[in-house]
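Shown next, in structure tokens, is the structure this report addresses.
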Amino acid sequence: MSNLFTDVQKQRKSRIHDELDQMLIGNGGYVSPLKYLWEDILLSVSLHKNVLLKGPSGSGKTKIAESISFEFNQPMHSINCSVDLDAEALIGYKTLVQQNGNTQIEFVEGPVVKAMKKGHILYIDEINMAKPETLPILHSVLDHRRMLTNPFTGEVIVAHEDFTVIAAINEGYIGTSPLNEALKNRFISFLIPYLSGQPLKNLFKREFPEASLTLITSMLNLSEDIFIQAKNGLLSEEAASIRSLLDATELAQYMDPKRAIQYAIAEKMEDETEKDLIIELANTWLK
């Protein structure tokens, strides 16, 4: 790891956060499927770059954001995008409050404003689910200016030095739209593939130290088969979700593994043919 990352990590870890902000610091534990991916992401964050994580559902994008929060001991504010996302959900809103018998207007800060002022991480999940007309409000936040004029109060906010933006997208999913070039160019983009091979095996050993070797081996073999079928177009990408596989393995320690796979993986498929294929693959490895 570079000296730059070490210096930035030391500086950010030296900051004192109050009790509520401490609760916003994520847990670590991300396992990288590629040799340099994790180090390169941390280096980009250390250079104050906006990071865009691209990959299928369950590939670990949110886990990466949480692990970055952990590595820098930096609280993280999350935004889950949808077509209903508006400026108030990002910036904040005005509300009426009673104080000393008088009614006053008070501005409640949203996640963007809080993260900018406090030098926290802003995690924007599924950013390509938001309406294109909503996101330009963030352009000045994401470029070299790192500032925002609050449209509701007129306050000019200049981001704290440690302010960090991480966004995630699931490309090609229903309800998503391509990011416009102006927004895309404000990010450093990383493709996040699913775990496989030895890195996945290491993750299973860490997460399920009490699980039998037989169960772990069967689940790893199942994962490999599902991955191949997804690559060949016979299963949806989400069938290969590592999150779902971990859920199935956890359940399988307390119930029939075949039922665990049905609940955690197969039943998430919309297509009956895909459900049947997953069950068929499970029957291959779980007798």
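All residue numbers refer to positions in the sequence shown, counting from 1.
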Check whether [X] reaches the backbone of [Y] with its side chain - one donor and one acceptor, N or O, closer than 3.5 Å.
{"X": "Ser14", "Y": "Gln11", "result": "yes"}
{"X": "Ser69", "Y": "Gln74", "result": "yes"}
{"X": "Lys118", "Y": "His17", "result": "no"}
{"X": "Thr164", "Y": "Asp162", "result": "yes"}
{"X": "Thr284", "Y": "Glu280", "result": "yes"}
{"X": "Asn185", "Y": "Glu181", "result": "yes"}
{"X": "Lys205", "Y": "Lys201", "result": "no"}
{"X": "Lys94", "Y": "Ile105", "result": "no"}

Min side-chain heavy-atom separation [X]-[Y] under 4.5 Å:
{"X": "Phe204", "Y": "Leu246", "value": "yes"}
{"X": "Ser67", "Y": "Trp38", "value": "yes"}
{"X": "Leu52", "Y": "Ile188", "value": "no"}
{"X": "Asn27", "Y": "Phe70", "value": "no"}
{"X": "Leu37", "Y": "Ile192", "value": "yes"}
{"X": "Leu24", "Y": "His77", "value": "yes"}
{"X": "Leu53", "Y": "Ile169", "value": "no"}
{"X": "Leu90", "Y": "Thr134", "value": "yes"}

Do [X] and [Y] belong to the same hydrophobic cluster, where Ile, Leu, Val, Met, Phe, Trp and Tyr are linked whenever their side-chain heavy atoms lie under 4.5 Å apart, directly or via other members?
{"X": "Ile216", "Y": "Leu251", "value": "no"}
{"X": "Leu191", "Y": "Phe187", "value": "no"}
{"X": "Tyr263", "Y": "Ile279", "value": "no"}
{"X": "Ile25", "Y": "Phe163", "value": "no"}
{"X": "Ile121", "Y": "Ile124", "value": "no"}

Is it the case that more than 12 heavy atoms not belonging to [X] sit under 6.0 Å from its [atom1] atom?
{"X": "Lys275", "atom1": "NZ", "value": "yes"}
{"X": "Glu270", "atom1": "CD", "value": "no"}
{"X": "Met23", "atom1": "CE", "value": "no"}
{"X": "Asp18", "atom1": "CG", "value": "yes"}
{"X": "Gln262", "atom1": "CD", "value": "yes"}

Within this structure, what is the [atom1]-[atom2] distance for the pair [X] and [Y], rounded to the nearest 0.5 Å?
{"X": "Glu66", "Y": "Ser78", "atom1": "CD", "atom2": "OG", "value": "7.5 Å"}
{"X": "Leu183", "Y": "Asn50", "atom1": "CG", "atom2": "CG", "value": "9.0 Å"}
{"X": "Met116", "Y": "Asn150", "atom1": "CE", "atom2": "CG", "value": "10.0 Å"}
{"X": "Ser218", "Y": "Leu286", "atom1": "OG", "atom2": "CG", "value": "5.0 Å"}
{"X": "Tyr123", "Y": "Asn80", "atom1": "OH", "atom2": "CG", "value": "8.0 Å"}
{"X": "Asn170", "Y": "Asn128", "atom1": "CG", "atom2": "CG", "value": "7.0 Å"}

Identify whether the distance between the nearest side-chain nitrogen and carboxylate oxygen of [X] and [Y] falls below 4.0 Å.
{"X": "Glu161", "Y": "Arg146", "result": "no"}
{"X": "Arg12", "Y": "Glu71", "result": "no"}
{"X": "Lys268", "Y": "Glu238", "result": "no"}
{"X": "Lys258", "Y": "Asp256", "result": "no"}

Exercise: identify the closest heavy-atom pair between [X] and [Y]:
{"X": "Arg186", "Y": "Asp143", "answer": "NH2-OD2, 3.4 Å"}
{"X": "Leu85", "Y": "Ala130", "answer": "CD2-CB, 3.9 Å"}
{"X": "His139", "Y": "Ala182", "answer": "CE1-CB, 3.8 Å"}
{"X": "Ser59", "Y": "Gly55", "answer": "OG-C, 3.9 Å"}
{"X": "Gly119", "Y": "Arg15", "answer": "O-NH1, 3.2 Å"}
{"X": "Ala248", "Y": "Ala260", "answer": "O-CB, 3.4 Å"}

Carefully, step by step, assess Ser236 and Glu274 under the rule side chain to side chain donor-acceptor pair (under 3.5 Å). CA-CA 8 Å; Ser236 307; Glu274 293 189 4; 2.8 Å; yes

Measure centre to centre between the rings of His160 and His120, then say whether the value is under 6.0 Å. no

What verdict does the side chain to side chain contact (heavy atoms under 4.5 Å, CB included) test give for Tyr194 and Ser223, after you've listed the backbone C-alpha separation in whole Å, the side-chain angles of each residue and the deciding distance to 0.1 Å? CA-CA 10 Å; Tyr194 284 127; Ser223 173; over 6 Å; no

Do Trp285 and Met219 pass the side chain to side chain contact (heavy atoms under 4.5 Å, CB included) test, and can you show the C-alpha distance, the side-chain angles, and the key distance before you say yes or no? CA-CA 8 Å; Trp285 296 108; Met219 287 298 191; over 6 Å; no

Per the side-chain contact (heavy atoms from CB on, under 4.5 Å) rule, which among Leu222, Thr273, Ile261, Asp225 passes with Ile278? Ile261

